[in-house]
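A short worksheet on the structure shown next.
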Amino acid sequence: MDHAAFSPKGFGHYVSYLIGWAYFIAWSASFYPQAILNWRRKSVQGLSMDFIHLNVLGFLCYSIFNLAFFFSSEVQEEYKRRNDGQENLVRANDVFFALHALILSTFTLAQTWIYKRDPNQKPSWPARIFIASAILISLYLVTQATWGKGGKEWIDILYFLSSIKLIISFVKYCPQVYINWAAKSTAGWSIYNILLDFTGGALSIAQLVLDAYISGDWSGISGDPVKFGLGFLSIAFDLIFMTQHYVLYRDRTDHYVTGSRKQDESNERQGLLAQSNRQYSNVQQRNDLERGAGTETTRA
């Protein structure tokens with residue numbers, strides 16, 4: 001019998017494995033309620049365009065970070081040199097989650113091109129400037145690392161991408177918090193997304209802390225700041241959204257959809273009324289013509 005499997009370290013690794021895939025499932029599932037809600041409403045009204053566009057960039061950065069840390073031997077060696085030979089704490093579930101999140105975020109972005117939205121519902125200029133700046137700086141750093149200039153290593157670029165993801169994780173939620181506050185409603189924003197996101201964030205931090213404890217290297221947390229920061233920010237904003245939904249704005253009426261339906265019904269009534277008026281006018285004209293023809297015949 002393999003007694004090592006029952007040692008605290010062996011059991012701890014097993015628990016970490018389960019927590020990791022549990023957070024993967026919860027966090028991955030959190031992207032579906034919003035996409036389904038958009039599909040059911042055939043509308044993205046009430047949804048922040050800044051959130052959608054920043055989300056795609058953020059998970060693109062996060063995917064590159066995790067892929068490099070998990071698969072690149074060069075990046076792994078650079079990490080060991082900077083952390084006394086310790087292994088980084090990026091796991092397979094981190095890679096799968098980042099890629100899945102990127103795909104679903106891009107799909108949700110595509111929905112904004114198809115479904116109904118308000119004329120002024122566009123990414124703000126600060127969001128556009130931030131996205132453009134992040135891309136240009138990243139390309140500049142890649143050029144430096146490729147040509148060996150500025151003393152930059154690939155791990156420096158990855159940490160820069162992780163910082164972009166952390167900034168986005170904070171910034172992207174702020175417009176949605178404001179939209180909910182201004183509308184005094186959470187209509188158009190799926191609460192199931194928030195509940196699953198909260199669960200995933202808590203489990204993600206739990207796995208990171210457990211792995212650091214097992215390895216005896218607490219610098220592993222600072223070595224993967226994006227995972228810790230992502231989980232912490234998710235929990236913080238999820239608590240705000242849950243407060244808005246369940247405490248502050250408990251009216252569940254979707255004013256965007258009901259208002260649109262009322263407008264459609266009004267337009268339909270106006271169309272029917274105009275059609276009826278045209279038919280009535282045509283009948284009157286025919287009657288007038290017939291009376292005029294009858295008068296001319298009588299005179300003849």
Using only atom types and a distance under 3.5 Å, with no angle test, would you say the side chain of [X] pairs donor to acceptor with the backbone of [Y]?
X    : Y    : result
N193 : P33  : no
T112 : L109 : yes
K184 : W181 : yes
Q86  : R81  : no
S30  : W27  : yes
E78  : I155 : yes
D94  : V90  : no
N83  : G85  : no

Locate the shortest heavy-atom distance separating [X] from [Y]; write the atom from each residue and the value.
X    : Y    : answer
L54  : I131 : CD2-CG1, 3.8 Å
Q121 : M49  : O-CG, 3.4 Å
A98  : S63  : O-OG, 3.0 Å
A134 : I164 : CB-CD1, 3.7 Å
F70  : A92  : CE1-N, 3.5 Å
L60  : L102 : N-CD1, 3.7 Å

Using 30° and 60° as the class limits, which term best fits the ring planes of F24 and H100: parallel, tilted or perpendicular?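 Perpendicular: the ring planes of F24 and H100 meet at over 60°.
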
Parallel, tilted or perpendicular, as decided by the 30° and 60° cut-offs, for the rings of F51 and W189: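 Rings of W189 and F51: perpendicular, over 60°.
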
Looking at [atom1] of [X] and [atom2] of [Y], how far apart are the two atoms once the value is rounded to the nearest 0.5 Å?
X    : Y    : atom1 : atom2 : value
R128 : S133 : CZ    : OG    : 13.5 Å
S234 : L196 : OG    : CG    : 12.0 Å
Y14  : I19  : OH    : CD1   : 11.5 Å
S138 : I157 : OG    : CD1   : 8.5 Å
Q111 : L47  : CD    : CG    : 9.0 Å
I52  : Q34  : CD1   : CD    : 6.5 Å

Is there a chain of hydrophobic side chains (I, L, V, M, F, W, Y, each step under 4.5 Å between heavy atoms) that links [X] to [Y]?
X    : Y    : value
W113 : L37  : no
L139 : L158 : yes
L57  : I64  : yes

Strictly under 6.0 Å, is that where the ring centroids of W125 and F130 end up?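 Ring centroids of W125 and F130 are no less than 6.0 Å from each other.
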
Are F198 and F241 an aromatic pair, judged by ring center distance below 6.0 Å?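 So the answer is no for these two rings.
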
Answer yes or no: does atom [atom1] of [X] have more than 12 heavy-atom neighbours from other residues, nucleotides or ligands under 6.0 Å?
X    : atom1 : result
F96  : CZ    : no
F160 : CZ    : yes
K42  : NZ    : yes

Looking at R82 and E77, is there a salt bridge between them, counting it only when a charged N and a carboxylate O are closer than 4.0 Å?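 So E77 does not pair with R82 through a salt bridge.
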
A side-chain contact here means heavy atoms from C-beta on lying under 4.5 Å apart; do [X] and [Y] qualify?
X    : Y    : result
V209 : Y213 : no
D156 : L141 : no
E74  : W154 : yes

For the residue pair [Y] / [X], report whether a side-chain donor-acceptor contact shorter than 3.5 Å exists.
X    : Y    : value
T186 : N180 : no
Q45  : D118 : yes
D197 : Y192 : no

Is K165 close enough and on-axis enough to F59, meaning under 6.0 Å and within 45°, for cation-pi?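 Yes, K165 and F59 form such a contact.
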
